[in-house]
There are 2 protein chains.
Amino acid sequence: MSDARNTDHKSGRVRSHIERLIDDGLQPHDKLPTERQFADELGVSRMTVRHALNALEEERRVYRVHGSGTFVAEPTIDKTIRLTSFTEDMIERGMKPSTRVVDVGTEFAGAAVGSKLSLSPAAEIARIRRVRLADGAPVCLETVHLDASRVHGLLDRELTGSLYDLLASRYGTVVSRAEQRIGATVLEPADAELLDVAAFSAALVVERRTIDQHQRPVEFTRSLYRADRYSFLIDIER
Amino acid sequence: MSDARNTDHKSGRVRSHIERLIDDGLQPHDKLPTERQFADELGVSRMTVRHALNALEEERRVYRVHGSGTFVAEPTIDKTIRLTSFTEDMIERGMKPSTRVVDVGTEFAGAAVGSKLSLSPAAEIARIRRVRLADGAPVCLETVHLDASRVHGLLDRELTGSLYDLLASRYGTVVSRAEQRIGATVLEPADAELLDVAAFSAALVVERRTIDQHQRPVEFTRSLYRADRYSFLIDIER
DNA sequence: TGCGTGGAGAGGTATAGCCCAATTAAGCGA
DNA sequence: TCGCTTAATTGGGCTATACCTCTCCACGCA
């Protein structure tokens, strides 16, 4: 919970201090000391305390009532969908992930993919098709599209590992968020064969547009998940 | 975009000013004036400018690069999944929702539904099957299961409106969160007919367990969505 | 007993100024 | 010409202070 990096800044130390208070015996809806008390006690200015409390409020660890005080929030069961790679996802589900590359190549973006990646339809893109397996059985067939000009030499590399790791370590591209569309379809015979199921079986279609730290689109990926082996769990707050 | 309430505070005015700048001709990744320039120009302190920029950064209208400047972000389609009813959902998508009740009745919970609602398998449950339509065309076939002892008389009521509203106004049950599983399937002929599509068409299966303000399960609903007319949009943060 | 009103105390907004850290470009030297 | 150093610029963090609005309770009046 408490991060060592917190000690880099005063507001981080204040934050850790408050987190410790909450973890050590305080109950939800208990009142925290006032901002001015924290400031005096920790020898920092009130603005710094507010900075730390803002962060904690953002994460729903505390809530504030104007004129009244700051209180410990109810613990949230924070299972909101997260941005994880297939590899991380499978390990979390207790299965052993592996990957088989089906084919790779370059092609013109075209209208659909081009618009998703903010590129001209005539731009060159790198395309990677991979089957992702869990415990040796196919789960997912994914087709990744990347701006070829930003990933020189990528297609000659080993592509069975995490693409996100490769993008970060080799091309300095850090993934920050993604927009995802989840739909359903029935599998074409060719795709069904790659996934080792009967033709026209049900599948989840996931189209994912990944965005980097500068809000630029990184990749557009279309994945087909076997419906009998995969589903999404989502926790939603009102 | 620009809100009238913004004028209540200086930071709101600063914020509006910057938003206007962005909307009037600035392109993504264009550089904004520096924080100190804004402060001078608008006659406010730099902290106030930073406050406004923090809010805009939070909403991903701008991004900052330490030592370099503040820049206009790429426009984002911000459709985070929320806990909405079908009715709200369709209105937001610009369509007119309606409902047709297929059948209602009571039955024993059974093992599967009972465990989802934390009830004995022998408990009596109310079951409602409804077809939900958008602009007059079927989109979703839902089967709702409720603890019969908590919703006396519900099945005799008008069931074409929002079930959440009915639960709140008549039974004091306020929905606070939900756990949802999203999968895919092909439609049985009987279900396909109710949804007005060919048998064995693709559909999304959504199983939703709704929890009230006291953390008690309220309903368990299984919905089948026509894949050609519905998909989920999700925004994910790393 | 009941009500309402003021004051203390809480968070919210804003100021002016200090130093730090990252970036960038200009200038200098090999 | 290339590469390194340096200085200016920009955002990041923090301080100390001031004044605002909202809440809530105690006190006093009817």
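Labels below follow one simple rule: chain letters A, B, ... track the order of the sequence lines, proteins then strands, and each chain is numbered from 1. All values reported here derive from a predicted model rather than from experimental measurement.
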- Going by an N to O cut-off under 4.0 Å, is there a salt bridge joining B/R64 and B/E35?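 Counted as a salt bridge, because a side-chain N and a carboxylate O are separated by less than 4.0 Å.
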Does the pair A/R61/A/D23 count as a salt bridge with the N-to-O cut at 4.0 Å?
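Counted as a salt bridge, because a side-chain N and a carboxylate O are separated by less than 4.0 Å.
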Side chain of A/D135, backbone of A/K96: donor and acceptor closer than 3.5 Å?
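Answer holds: yes.
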Rounded to whole Å, please give me the gap between [atom1] in [X] and [atom2] in [N].
| X | N | atom1 | atom2 | result |
| --- | --- | --- | --- | --- |
| B/Y63 | D/dG12 | OH | C1' | 18 Å |
| A/E35 | C/dT13 | CD | P | 11 Å |
| A/H51 | D/dG13 | NE2 | C1' | 8 Å |
| A/H9 | D/dG13 | NE2 | P | 6 Å |
| B/K10 | D/dC19 | NZ | C1' | 12 Å |
| A/N54 | D/dC14 | CG | C1' | 14 Å |
| A/L42 | D/dC14 | CG | C1' | 14 Å |
| A/F71 | D/dT23 | CZ | P | 12 Å |

Is [X] near enough to [N] that one of its side-chain N or O atoms lies under 4.0 angstrom from OP1 or OP2?
| X | N | answer |
| --- | --- | --- |
| B/T48 | C/dT13 | no |
| B/T34 | D/dT9 | no |
| B/S11 | C/dA14 | yes |
| A/S45 | D/dT17 | no |
| B/R50 | D/dG12 | yes |
| B/K31 | D/dT10 | no |
| B/R64 | D/dT10 | no |
| B/S68 | C/dT24 | yes |

hbond_proxy B/R46 side chain to D/dG12 base (donor-acceptor, 3.5 Å cutoff):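 Donor-acceptor pair under 3.5 Å: yes.
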Any N/O donor-acceptor pair, A/R36 side-chain to C/dG11 base, under 3.5 Å: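 By the distance-only test, yes, there is a pair.
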Is the NZ or CZ atom of A/R50 positioned over A/F38's six-membered ring, under 6.0 angstrom from the centre and within 45° of the axis?
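Judged by the rule (NZ or CZ under 6.0 Å from the ring centre, within 45° of its axis), A/R50 is not positioned above A/F38.
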Fit a plane to each ring of B/Y225 and B/F232, take the angle between them on a 0 to 90° scale, and name the class: parallel (under 30°), tilted (30 to 60°) or perpendicular (over 60°).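 Correct class here is perpendicular.
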5'-most by nearest nucleotide on DNA chain C - A/H66 or A/M47:
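Result of the comparison: A/H66.
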